[in-house]
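Take a look at the structure set out below.
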Amino acid sequence: MHPFIQQIIDLYEAEGHHTYGEGINQTEHGVQCAELALRAGESAELVTAALLHDVGHLMATTDIAFGNYKHDSIGAEYLAPYFPPSVTEPIRLHAEAKRYLCAVEKGYLEGLSAASLDSLHHQGGLMNEEEQQAFLQEEYAADAIKLRRWDDEGKVEELSNKTVAHYLDSMNAAITAEATA
């Protein structure tokens, strides 16, 4: 196992018990999102992105506001030296995907949890048309939208019976060749 993957597993073991207003903890949420991606037949990279999309929350447990509202970029930057853009970019864009979906999809905003509604305000609120077009131009916008939908759905206790280490094969397959050299 790559030492960075062990570092991620250790981080989830140490900090993954924290909740953020959803009734489940960070580890359970990440595992549920990864399981949804896996069941959808997605690539190892997208399964890994789903698993680790909120890693920025774990890194900022001492500064809740900073961690909650910048967790997407914090997590993507943390993972970027070891994982390709197909992992890090959907993570970086998943809060933007929420803003986009709230602006363009009827009923999406009303379906958000209380915690997601609260963070939406701090993440910039609904996208205007110019922001929507810019978001859609992002290479990984479609993957970020998939990730965002799993983020919404990954709050069901029945999918929580695995650990972060269960997705070791996906993480190992997704890690960049440069990181393993």
Side-chain angles (χ1 to χ4, degrees), residues 1-20 22 24-98 119 123 135 137-154 159-181:
M1 176 185 338
H2 190 277
F4 185 67
I5 292 176
Q6 185 61 59
Q7 182 179 332
I8 291 169
I9 291 169
D10 293 346
L11 178 62
Y12 273 88
E13 287 177 358
E15 302 296 338
H17 64 281
H18 293 285
T19 61
Y20 59 105
E22 297 289 0
I24 58 172
N25 67 39
Q26 292 289 346
T27 298
E28 292 167 334
H29 178 57
V31 162
Q32 289 179 35
C33 293
E35 190 62 24
L36 291 167
L38 196 63
R39 290 179 182 185
E42 296 295 346
S43 67
E45 289 83 5
L46 206 46
V47 171
T48 299
L51 178 67
L52 304 179
H53 76 279
D54 280 345
V55 71
H57 282 302
L58 278 62
M59 299 172 63
T61 55
T62 58
D63 187 344
I64 296 302
F66 182 72
N68 281 341
Y69 308 132
K70 303 279 187 207
H71 77 283
D72 47 352
S73 58
I74 292 169
E77 288 173 22
Y78 171 68
L79 298 171
Y82 303 97
F83 289 101
S86 54
V87 172
T88 61
E89 286 301 290
I91 291 171
R92 181 180 67 82
L93 294 169
H94 81 277
E96 292 297 300
K98 175 174 63 174
S119 64
Q123 293 163 337
F135 172 75
Q137 295 303 310
E138 294 278 355
E139 182 177 355
Y140 294 96
D143 285 344
I145 289 170
K146 288 180 187 180
L147 175 53
R148 180 60 220 177
R149 292 191 189 284
W150 297 321
D151 194 356
D152 293 329
E153 297 168 20
L159 294 175
S160 298
N161 61 351
K162 295 180 175 69
T163 65
V164 171
H166 177 80
Y167 300 93
L168 195 56
D169 288 346
S170 292
M171 288 188 286
N172 281 328
I175 202 160
T176 61
E178 296 83 25
T180 58

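Put simply, NE2 on His94 and CG on Asp152 are 10.0 Å apart, with the number rounded to the nearest 0.5 Å. Atom CD1 of Ile74 sits about 11.0 Å away from atom CG of Leu58, to the nearest 0.5 Å. The line from OG1 of Thr88 to CG of Asp72 is 12.0 Å long, rounded to the nearest 0.5 Å. For the atom pair OH (Tyr167) and CD (Glu35), the distance works out to 3.5 Å, reported to the nearest 0.5 Å. Within the model, atoms CG of Leu51 and OG1 of Thr27 stand 9.0 Å from one another, a figure rounded to the nearest 0.5 Å. To the nearest 0.5 Å, the span separating OH on Tyr82 from CD1 on Ile8 amounts to 9.5 Å.
Checking His71 against Asp54 by side-chain atom types alone, a donor-acceptor pair falls below 3.5 Å.
Annotation: side-chain contact (heavy atoms from CB on, under 4.5 Å) contacts of His166 (sequence neighbours excluded): Lys162, Thr163. Under the side-chain contact (heavy atoms from CB on, under 4.5 Å) criterion, Glu77 pairs with Ser73, sequence neighbours left out. Scanning for side-chain contact (heavy atoms from CB on, under 4.5 Å) contacts around Asp10 gives Gln6, Glu13, with sequence neighbours left out. Checked against ring pair (Phe, Tyr, Trp, His ring centres under 6.0 Å), Tyr78 has the following partners two or more places apart in sequence or in another chain: Phe4. Listed by chain and residue number, Phe135, Ala144, Ile145, Arg148 satisfy the side-chain contact (heavy atoms from CB on, under 4.5 Å) test with Ala97 (two or more places apart in sequence, or in another chain).
Taking the six-membered ring for Trp and the full ring otherwise, His18 and His29 have centroids separated by 6.0 Å or more.
Of all the heavy atoms in Tyr140 and Ser86, the pair that sits closest is CE2-CA, 3.5 Å. Taking both residues in full, the closest heavy atoms of Pro84 and Ala174 are given as CD-O, 3.0 Å, listed atom of the first, atom of the second, then distance. Nearest heavy-atom pair, Val55 versus Gly75, reported as atom, atom and distance to 0.1 Å: CG1-CA, 3.6 Å. Considering every non-hydrogen atom in both Tyr12 and Gln26, the closest pair reads CE2-O, 4.2 Å. The nearest pair of heavy atoms linking Phe83 to Ile5 is CZ-CG1, 4.4 Å. The nearest pair of heavy atoms linking Met1 to Ile9 is SD-CD1, 3.9 Å.
Leu46 places a side-chain heavy atom less than 4.5 Å from the side chain of Pro90. You'll find the side chain of Lys98 reaches within 4.5 Å of the side chain of Ser119, heavy atoms only. Side-chain contact between Leu11 and Val164: absent, with no pair of heavy atoms (C-beta onward) separated by less than 4.5 Å.
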Going through the distances and angles, do Leu93 and Leu147 end up as a side chain to side chain contact (heavy atoms under 4.5 Å, CB included)?
CA-CA 9 Å; Leu93 294 169; Leu147 175 53; over 6 Å; no

Step by step, would you call Gln32 with Ile24 a side chain to side chain contact (heavy atoms under 4.5 Å, CB included)?
CA-CA 10 Å; Gln32 289 179 35; Ile24 58 172; 3.7 Å; yes

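The backbone N or O of Thr48 sits nowhere less than 3.5 Å from a side-chain atom of Ser170 that would complete a donor-acceptor pair.
The stretch residues 82-94 participates, sequence neighbours left out, in these salt bridge (Lys or Arg N to Asp or Glu O under 4.0 Å) pairs: Glu89-Arg92, Arg92-Glu138.
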